[in-house]
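Predicted, not measured: the structure shown is a model, and the values here were computed from it. For this chain, numbers begin at 1 and follow the sequence in order.
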Amino acid sequence: MFFIGIDLGTSAVKLLLVDETGKIQNEVTKAYPLAFPRPGWAEQEPGDWWRACTEGLQALLRGFDAGLVAGIGCGGQMHGLVALDRNDKVIRPAILWNDGRTGEEVEYLNTVIGRERLSALTANIAFAGFTAPKLLWLRKHEPENFARIEKIMLPKDYINFMLTGVHCCDYSDASGMLLLDVQHRRWSREMLELCGVSEQQMPRLFESYEVVGTLKREVAASLGLPETVRVVAGAGDNAAAAVGTGVVGEGGCNLSLGTSGTLFISSKRFSVDPNNALHAFAHADGGYHLMGCMLSAASCNKWFCEEILRTEDYPREQAPITEEKLGRNRVFFLPYLMGERSPINDVNARGCFVGMSMDTTRADLTQAVLEGVAFAIRDSLEVARSLGLEIPRSKLCGGGAKSPLWRRIFANVLGIPLDMVKTEQGPGYGGAMLAMVGCGVFSSVQQAVDALVELASTTEPEPGLTALYEARYQTFKKLYPSLKAFFPELS
């Protein structure tokens, strides 16, 4: 049997064909456009996602017996608002997770409704990327579009809908909408009412490994797949990536270094950070997790290399960052290119270099970007530690994790060993594993993890270098508070 994992990312969709032993037989990536209509805004056309998926699936199956495909699981970018009308047509471009237009709505939710009330209803407070503030923005600024909404979905749920015709969502992804009662795994009627929508407009909720339906006849025919292919609910990208790296059950940790950066701590029990600096979400294994999320992680390095330095040769840019420079860079970088979520929750925050002088080099700036992202993830780790959570080590995944230098910087900034798994394919591999559970190959997500996830390498912290980075981090911590009042003047 074959299983297909779909990773619906921000810049591209990645598709995997996996056999029942967990071996990847084929992979295909298809890119699509990302629009920034105004500074701080980010949108995409759901139709572009679907076209990329169908073209990618056809390429993925070329040369293989499509009749052996048993299941499909999708992991995808979270929080994006996909609004469908009564004919299931997309009303407007999706407003994405990294869109910062909802500053006023977030302020209203957190101050007028109040953080305590929001946390009691949803286990979280409002962040600009969440879906509920987007609904309030749409109701105020595009009332005609808001009035046409028949169904509210998230990005990967739109793909599942196009595959099966079922309006569905899983608990992990729904947790990031600020519309779900996370503890009790149900829609919060009070939050829905506050946003002016009804439960009938929301998709049906499933566990990530549950089957939502099988392929529509016309979709199966166009892709050459059996109509019997089962589609599971899937998961938000971070929960799916955590499954793919084996971070399930109690006390696991995963650091994802993709477009965004996340620190993901799994648990069997529901818990909430009293200060709401970390998100409290449902996990794809049926449990829960705490998560810190920074909006710009590997995307900072991509921006600096491609837009500023005009190169895509990342290894060449990192080559001059030699041993004696680590932990001694005098330049700092604040990685808030799209505002920031965890733990500062500030849509006005912006990226900046601090500490440049006449002898600052190109390599110093590149190093500052890599270190700035690591320092910002450390901020979320410190919140977790303040809650009494012990995190002795973490898994590491995402495109940025391919850099040995960046892995070394992270291990020493965080002061913990970082483990890479043999099959590091992020949310797509987690999606395929969830499909295996849904199709009965494994009885639980834990069983799938135990059978399929193996370690490949570990990057250990070095005491001397860790001490140098500890001192640098203490300086980094002072930068945002010093600049906080300045940032709104840039908007």
Side-chain angles (χ1 to χ4, degrees), residues 238-239 241-258 260-268 278 283 285 289-294 297-298 301 318 321-323 325-329 342-343 367 370-426 429-430 446 449-450 452-474 476-477:
N238 293 295
V243 170
T245 57
V247 178
V248 299
E250 188 65 35
C253 184
N254 184 55
L255 170 58
S256 178
L257 192 53
S260 63
T262 58
L263 186 74
F264 186 109
I265 305 165
S266 65
S267 176
K268 294 180 180 179
L278 300 180
H283 192 5
D285 64 351
H289 70 272
L290 292 174
M291 184 176 73
C293 177
M294 59 180 297
N301 193 37
Q318 295 178 19
I321 305 172
T322 49
E323 178 75 31
K325 293 184 178 182
L326 295 180
R328 297 177 174 87
N329 192 8
S342 302
Q367 182 178 344
L370 302 180
E371 291 171 341
V373 174
F375 289 144
I377 285 288
R378 168 79 182 267
D379 284 343
S380 288
L381 179 64
E382 289 305 308
V383 174
R385 286 171 171 165
S386 73
L387 300 175
L389 297 175
E390 292 187 12
I391 304 173
R393 63 193 311 121
S394 176
K395 301 287 180 58
L396 179 65
C397 69
K402 296 176 181 177
S403 163
L405 173 64
W406 216 352
R407 293 200 300 269
R408 189 179 179 194
I409 289 172
F410 261 95
N412 285 285
V413 167
L414 303 182
I416 58 175
L418 298 177
D419 300 317
M420 296 280 287
V421 297
K422 287 186 178 180
T423 305
E424 199 293 280
Q425 293 286 359
Y429 195 67
Q446 182 67 63
V449 163
D450 293 341
L452 302 180
V453 178
E454 298 180 69
L455 290 186
S457 65
T458 298
T459 303
E460 297 280 355
E462 305 148 65
L465 188 51
T466 298
L468 289 174
Y469 272 121
E470 179 63 30
R472 301 298 291 167
Y473 174 67
Q474 295 305 321
F476 174 87
K477 286 170 57 178

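How far OG1 of T459 is from CH2 of W406: 14.0 Å, rounded to the nearest 0.5 Å. With rounding to the nearest 0.5 angstrom, the NE2 atom of H283 is 3.5 Å from the CZ atom of F264. Considering CG of D285 and OG of S267, their distance stands at 9.5 Å, rounded to 0.5 Å. Rounding to the nearest 0.5 Å gives a distance of 5.5 Å between CG of L381 and CG of L414. The line from OG of S266 to CD of E250 is 7.0 Å long, rounded to the nearest 0.5 Å. In this structure, NZ on K325 lies 11.0 Å from CG on L405, to the nearest 0.5 angstrom.
The shortest heavy-atom contact between L257 and A297 is CD1-CB, 3.9 Å. When all heavy atoms of P343 and D379 are compared, the closest pair comes out as CD-CB, 3.7 Å. I409 and A374 make their closest contact through CG2-CB, 4.1 Å (heavy atoms, listed as atom of the first residue, atom of the second, distance). The heavy-atom pair separating A401 from L396 by the smallest distance is CB-CG, 3.6 Å. Nearest heavy atom pair, residue Y473 against residue F375, reads CE1-O, 3.5 Å. Considering every non-hydrogen atom in both S380 and G292, the closest pair reads OG-CA, 3.7 Å.
In this structure the side chain of I321 reaches within 4.5 angstrom of the side chain of L326, judged on heavy atoms. Using a 4.5 Å cut-off on side-chain heavy atoms (C-beta onward), L455 and K395 make contact. Side-chain contact between E371 and V413 is absent, with no heavy-atom pair separated by less than 4.5 Å. Side-chain atoms of R407 and M420, non-hydrogen and from C-beta on, do get closer than 4.5 Å to each other. With a 4.5 Å cut-off on side-chain heavy atoms, Q367 and R328 do not count as touching.
When the side chain to side chain contact (heavy atoms under 4.5 Å, CB included) test is applied to K402, no partner is found at least two apart in sequence or on another chain. Looking at residues two or more places apart in sequence or on another chain, you find a side chain to side chain contact (heavy atoms under 4.5 Å, CB included) between P461 and N412, P417, T466. A search for side-chain hydrogen bond (donor to acceptor under 3.5 Å, both in side chains) contacts involving T245 returns N254, not counting sequence neighbours. Residues passing the side-chain hydrogen bond (donor to acceptor under 3.5 Å, both in side chains) test with Q318 are S403, sequence neighbours excluded. Here Y469 pairs with nothing under the ring pair (Phe, Tyr, Trp, His ring centres under 6.0 Å) rule; sequence neighbours left out. Every side-chain hydrogen bond (donor to acceptor under 3.5 Å, both in side chains) that T262 has, sequence neighbours left out, goes to N238. Under the rule for a salt bridge (charged side-chain N to carboxylate O under 4.0 Å, His left out), the partners of D419 that lie at least two apart in sequence or sit in another chain are R393. Here E454 pairs with K422 under the side chain to side chain contact (heavy atoms under 4.5 Å, CB included) rule; sequence neighbours left out. Taking S394 as the reference, C253, L255, I416, L418 meet the side chain to side chain contact (heavy atoms under 4.5 Å, CB included) condition, with sequence neighbours excluded. Looking at residues two or more places apart in sequence or on another chain, you find no side-chain hydrogen bond (donor to acceptor under 3.5 Å, both in side chains) involving S386.
Contacts classified as salt bridge (charged side-chain N to carboxylate O under 4.0 Å, His left out) and involving residues 456-466 (residues at least two apart or in different chains) are given here: R408-E462.
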Show your reasoning for whether side chain to side chain contact (heavy atoms under 4.5 Å, CB included) applies to V383 and L290. CA-CA 11 Å; V383 174; L290 292 174; over 6 Å; no
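The local environment of CD in E390 is sparse, with at most 12 non-hydrogen atoms from other residues, nucleotides or ligands closer than 6.0 Å.
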